Protein chains: 2
Amino acid sequence: MVRFDEKDREILKILRKNGRITLTELGRELGLSPASVKNRIDKLRELGAIQGFSAVVDPSFLDRYVRVFMLLKLKAEDPEVDRILSKFAVLDNVQTIYRTTGRTQALIIAEFEDMDEMKRFAGRLKHSLGSLLEYIEWGTIYDSIKECWTDTKKRGGSHGHKGGHI
Amino acid sequence: MVRFDEKDREILKILRKNGRITLTELGRELGLSPASVKNRIDKLRELGAIQGFSAVVDPSFLDRYVRVFMLLKLKAEDPEVDRILSKFAVLDNVQTIYRTTGRTQALIIAEFEDMDEMKRFAGRLKHSLGSLLEYIEWGTIYDSIKECWTDTKKRGGSHGHKGGHI
DNA sequence: GCTGAAATTCTGGAGTG
DNA sequence: CACTCCAGAATTTCAGC
């Protein structure tokens with residue numbers, strides 16, 4: 001068991017909103033030296049409190065024009081499910097996979113170049129889960145109001161891209 | 001309209017997986033000087049391709065033990081909806097708000113200290129949307145396999161926290 | 001968790017194609 | 001316009017306390 005105090009919580013909150021803040025600036029806000037902040041962040045990573053850092057990116061700039069969520073209705077609670085989903089987690093199309101309660105048992109968020117690629121993905125998902133899967137309910141994500149703790153307000157100006165970010 | 005090439009795409013991909021990589025290291029991987037990488041990242045932020053940087057945090061370390069997704073079934077496609085959802089987007093409980101197609105029209109992911117706080121949130125949501133809302137379908141998120149492009153594998157060892165991260 | 005010094009990185013301007 | 005180079009500034013990092 002490791003110590004974990006209010007300043008650690010504050011670090012987590014600030015890093016969620018600004019993942020690239022400097023240790024120096026973070027230290028100013030907390031009243032700590034940069035070295036202490038580094039020690040704490042290293043500790044938080046060790047603990048698993050911080051699992052990584054990520055940029056919030058508009059997928060249309062990667063030519064991913066189809067973004068979807070999928071709700072998986074599973075027939076059985078087989079430990080195999082997690083193993084299979086972990087295989088899909090490594091794909092670079094997949095942003096998020098959660099295990100959930102409710103009418104469905106898993107939530108996947110992923111992005112694709114087109115509907116065709118999405119359908120192939122869904123097909124492989126069905127094939128891999130086989131009899132464990134009852135059905136997939138899905139929909140497209142056509143707008144993001146907030147994402148990963150980052151407000152995604154629209155700024156003015158197009159940049160000539162085809163589709164996406166209005 | 002601004003130029004946008006393969007190296008920019010590569011920057012987006014790398015930054016999604018490692019949001020705190022240094023400009024120097026990023027430059028090494030791309031065959032560019034750190035200064036060029038900086039210029040490109042500044043440009044990508046201007047364009048809205050990069051909307052921010054965020055740490056992927058285990059919410060139980062913030063005493064948020066209840067994590068949920070909510071699917072909003074709306075009665076009408078009123079522009080008011082976006083305005084109302086934007087108000088909820090500023091709350092620090094809210095991780096994500098998407099507008100979607102499908103059976104439901106919005107997806108919210110949020111985290112709370114307990115069920116009570118979650119219910120108050122859902123209540124306010126219902127109250128704010130009023131007659132625009134038909135129903136909310138929801139479930140709890142009890143495990144994360146991948147999140148914001150970050151594999152969230154379980155590492156060994158507990159740290160004495162109550163609940164959460166097994 | 002702090003200090004202090006060394007190593008590394010960042011940053012803006014000048015110069016190049 | 002995008003790039004590199006370069007020097008000064010800032011940050012990171014690590015040892016020792």
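A quick note: this is a predicted structure, and the numbers were derived from the prediction, not measured. Letters A, B, ... are given to chains in the order of the sequence lines, protein chains preceding strands, and every chain is numbered from 1.
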Checklist entry - Going from CG on Leu12(A) to CZ on Arg40(A), what distance comes out if it is rounded to the nearest 0.5 angstrom? => result 10.5 Å
Checklist outcome for this item: Joining Ile, Leu, Val, Met, Phe, Trp and Tyr whenever any side-chain heavy atoms lie under 4.5 Å apart, the cluster holding Tyr98(A) also takes in Phe69(A), Leu71(A), Leu107(A), Ile109(A), Ile141(A), Phe69(B), Leu71(B), Tyr98(B), Leu107(B), Ile109(B), Ile141(B)
Item to check | Pairs involving residues 11-24 of chain B, ordered by first then second residue, that meet side chain to side chain donor-acceptor pair (under 3.5 Å) (sequence neighbours left out) | outcome: Glu111(A)-Arg16(B)
Next on the checklist: For the helix from dG1(C)-dC17(D) to dG17(C)-dC1(D), what angle separates the axis at the start from the axis at the finish, each from five pairs, in steps of 10°?
Outcome noted: 30°
Could you work out, with side chain to side chain donor-acceptor pair (under 3.5 Å) as the rule, every residue matching [X], not counting sequence neighbours?
X	result
Asp78(B)	none
Glu134(A)	none
Asn39(A)	none
Ser36(B)	Ser33(B)

Would you mind writing out the side-chain donor-acceptor pairs for residues 120-132 of chain A within the sub-3.5 Å range, not counting sequence neighbours?
unit_1	atom_1	unit_2	atom_2	d
Arg120(A)	NH1	Asp116(A)	OD2	3.4
Ser128(A)	OG	Arg124(A)	O	3.0

Checklist entry - Base, backbone or nothing for each nucleotide of nucleotides 12-17 of chain D, written B, S, -, heavy atoms under 4.0 angstrom, 5' to 3'? => result SSB---
Next on the checklist: Measure CD1/Ile41(A) against C1'/dT11(D) and give the value in whole Å, please.
Outcome noted: 13 Å
Item to check | Leu32(B) CG to dA2(D) P, straight-line distance once rounded to whole Å | outcome: 12 Å
Checklist outcome for this item: residues 55-151 of chain B vs disulfide (SG to SG under 2.5 Å), sequence neighbours excluded, gives Cys148(A)-Cys148(B)
Checklist entry - Given dT4(D), is OP1 or OP2 found less than 4.0 Å from the side-chain N or O atoms of Ser36(B)? => result yes
Checklist entry - Contact class for Gly31(B) (heavy atom, under 4.0 Å): base, sugar-phosphate, or nothing? => result sugar-phosphate
Checklist outcome for this item: The salt bridge (charged side-chain N to carboxylate O under 4.0 Å, His left out) partners of Asp114(A) (sequence neighbours excluded) come to none
Item to check | Bounds of contact between DNA chain C and chain A, in 5' to 3' order, using a heavy-atom cut-off under 4.0 Å | outcome: dG1(C) to dT3(C)
